[in-house]
Amino acid sequence: SSLVAFNHVGKIYNTGTIALKDVHFGIKEGEFISFLGPSGCGKSTALRMVAGLEDATTGSVLVDGKEPKRVIRESNDIAFVFQEANLLPWRTVQENVILPLELRGGSAKEHKAEALRVLEMVGLKDYVKAYPRQLSGGMKMRVSIARALAARPKLLLMDEPFAALDEITRQTLQMELLDIWQREKMTVLFVTHNVFEAVLLSSQIAVMSARPGRLSALIDVELPYP
Ligand code: ADP
Ligand code: ADP
């Protein structure tokens with residue numbers, strides 16, 4: 001059975017743009033799946049639906065058999081990483097990471113321990129007291145990823161998270177993300193227009209066509225490592 005199900009999903013924006021047309025497929029738990037296709041083919045729209053940020057015009061998107069909005073209201077199972085790190089400049093690295101945990105209750109001590117766990121995972125445990133302006137673009141993205149991981153989501157949604165980074169930093173973060181995915185055993189939905197990135201990272205690739213917003217192929221990628 002699928003963790004994420006697209007059931008004949010269609011999306012027409014109120015401008016009249018058809019973003020998705022009859023997208024129908026399931027994503028199993030534990031996959032790293034990339035949505036790959038040219039700009040405007042509906043990748044972000046598809047991801048935002050899984051995040052409960054956009055409603056389907058026809059059909060439905062379900063996570064664990066439930067509406068994404070409900071999953072988000074009732075659990076920490078879905079986390080989102082955008083292209084911009086979106087950190088609060090007046091909060092330290094640790095305080096930024098703790099933010100989503102604060103909204104869910106628990107003690108300050110637990111929050112700090114959890115923040116340390118995820119900041120160590122992204123190699124930033126020495127930066128807990130630093131402020132965003134003191135960090136490079138790659139480090140800010142690491143904080144953003146740590147913040148998403150802090151709530152131990154089942155499902156990590158990433159919309160072109162490395163697009164704004166330089167080539168070397170991007171490659172480093174790609175390797176780190178693969179490592180985290182393998183250790184944490186979560187499901188990752190990753191939007192990219194970069195074929196190389198999709199092949200490098202994914203266990204599956206959902207290829208989308210721009211005519212308009214259709215799923216044109218679902219490809220299993222043979223991983224070069226166990
Ligand atoms: P991608 O992520 O593949 O670049 P998007 O999902 O962002 O594609 O967009 C798919 C299509 O829907 C594009 O034609 C885009 O211009 C349009 N679109 C995206 N968001 C909106 C919106 N909020 N309102 C109207 N049209 C939109
Ligand atoms: P991407 O290609 O990375 O999805 P875009 O530049 O297409 O990003 O879109 C950026 C933002 O603008 C998104 O929030 C999207 O919903 C919105 N948007 C995109 N196309 C349109 C459109 N035609 N009308 C209104 N909003 C749009």
Side-chain angles (χ1 to χ4, degrees), residues 2-27 31-63 67-73 78-86 137 140-141 144-145 147-148 153 155-167 169-171 173-174 177-178 181 186-221:
S2 302
L3 177 61
V4 180
F6 283 80
N7 300 308
H8 296 290
V9 174
K11 175 69 180 180
I12 305 175
Y13 283 106
N14 52 22
T15 52
T17 302
I18 301 173
L20 296 174
K21 201 165 180 179
D22 199 33
V23 173
H24 188 76
F25 75 116
I27 301 166
E31 298 282 357
F32 190 127
I33 185 164
S34 285
F35 291 69
L36 175 69
S39 186
C41 73
K43 306 182 291 294
S44 294
T45 299
L47 200 73
R48 288 204 304 264
M49 283 179 174
V50 182
L53 299 171
E54 209 78 73
D55 292 319
T57 310
T58 55
S60 63
V61 176
L62 297 177
V63 174
E67 297 242 333
K69 280 185 183 122
R70 185 177 147 203
V71 177
I72 286 168
R73 203 166 50 236
I78 301 176
F80 207 123
V81 173
F82 299 90
Q83 186 173 325
E84 306 293 327
N86 296 319
K140 282 182 201 157
M141 183 46 68
S144 177
I145 292 171
R147 181 180 53 192
L155 193 55
L156 180 62
L157 311 178
M158 308 183 92
D159 193 347
E160 307 235 18
F162 308 144
L165 304 176
D166 66 81
E167 191 56 34
T169 307
R170 181 183 315 144
Q171 286 183 19
L173 264 86
Q174 285 169 338
L177 178 61
L178 266 185
W181 170 60
M186 64 201 160
T187 309
V188 181
L189 273 58
F190 190 95
V191 163
T192 182
H193 58 260
N194 183 323
V195 179
F196 180 77
E197 184 170 62
V199 172
L200 180 75
L201 294 177
S202 318
S203 61
Q204 255 185 355
I205 302 175
V207 183
M208 296 180 63
S209 109
R211 292 172 287 111
R214 282 181 184 275
L215 180 72
S216 48
L218 192 60
I219 298 166
D220 287 316
V221 182

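All heavy atoms count here, side chains included; hydrogens, waters and symmetry mates do not. Numbering of ligands and ligand atoms starts at 1, following listing order.
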* Asked: Backbone, side chain, both or neither: what part of Arg48 comes under 4.0 angstrom of ligand 1, heavy atoms only?
  -> side chain
* Atoms in ligand 1 with a heavy atom of Ser39 nearer than 4.0 Å -> 4 (O)
* Polar-atom distance check: Thr17 versus ligand 1, any N or O pair below 3.5 Å? -> no
* Is the closest basic N to carboxylate O distance between Arg48 and Asp159 below 4.0 Å? -> no
* Identify, by atom number and element, the atoms of ligand 1 in contact range of Ser44, meaning under 4.0 Å from any of its heavy atoms. => 1 (P), 2 (O), 6 (O), 7 (O)
* Report, in ascending order of atom number, the atoms of ligand 1 lying under 4.0 Å from any heavy atom of Lys43. => 1 (P), 2 (O), 3 (O), 4 (O), 6 (O), 8 (O)
* Does at least one non-hydrogen atom of Gly37 fall below 4.0 angstrom from an atom of ligand 1? -> no
* **Residue portion contacting ligand 1 (non-hydrogen atoms closer than 4.0 Å) for Thr45** => both
* Got a donor-acceptor contact below 3.5 angstrom from the Ser203 side chain to the Phe32 backbone? -> yes
* To do: State whether the shortest distance between N or O atoms of Ala19 and N or O atoms of ligand 1 falls below 3.5 angstrom.
  => no
* Asked: For ligand 1, is Pro38 a contact, meaning one of its heavy atoms is under 4.0 Å away?
  -> yes
* **Side chain proximity check, Lys43 to Thr192, heavy atoms < 4.5 angstrom** => no
* Asked: Within the side chain of Arg170, is there an N or O that forms a donor-acceptor pair under 3.5 Å with the backbone of Leu165?
  -> yes
* **Leu47 and Phe80, any side-chain heavy atoms less than 4.5 Å apart** => yes
* Non-hydrogen side-chain atoms of Met49 and Leu20 separated by less than 4.5 Å -> yes
* To do: Give a yes/no verdict on whether any heavy atom in Glu54 is under 4.0 Å from an atom of ligand 1.
  => no
* To do: State, with a plain yes or no, whether a side-chain heavy atom of Leu36 is found less than 4.5 Å away from one of Ile219.
  => no
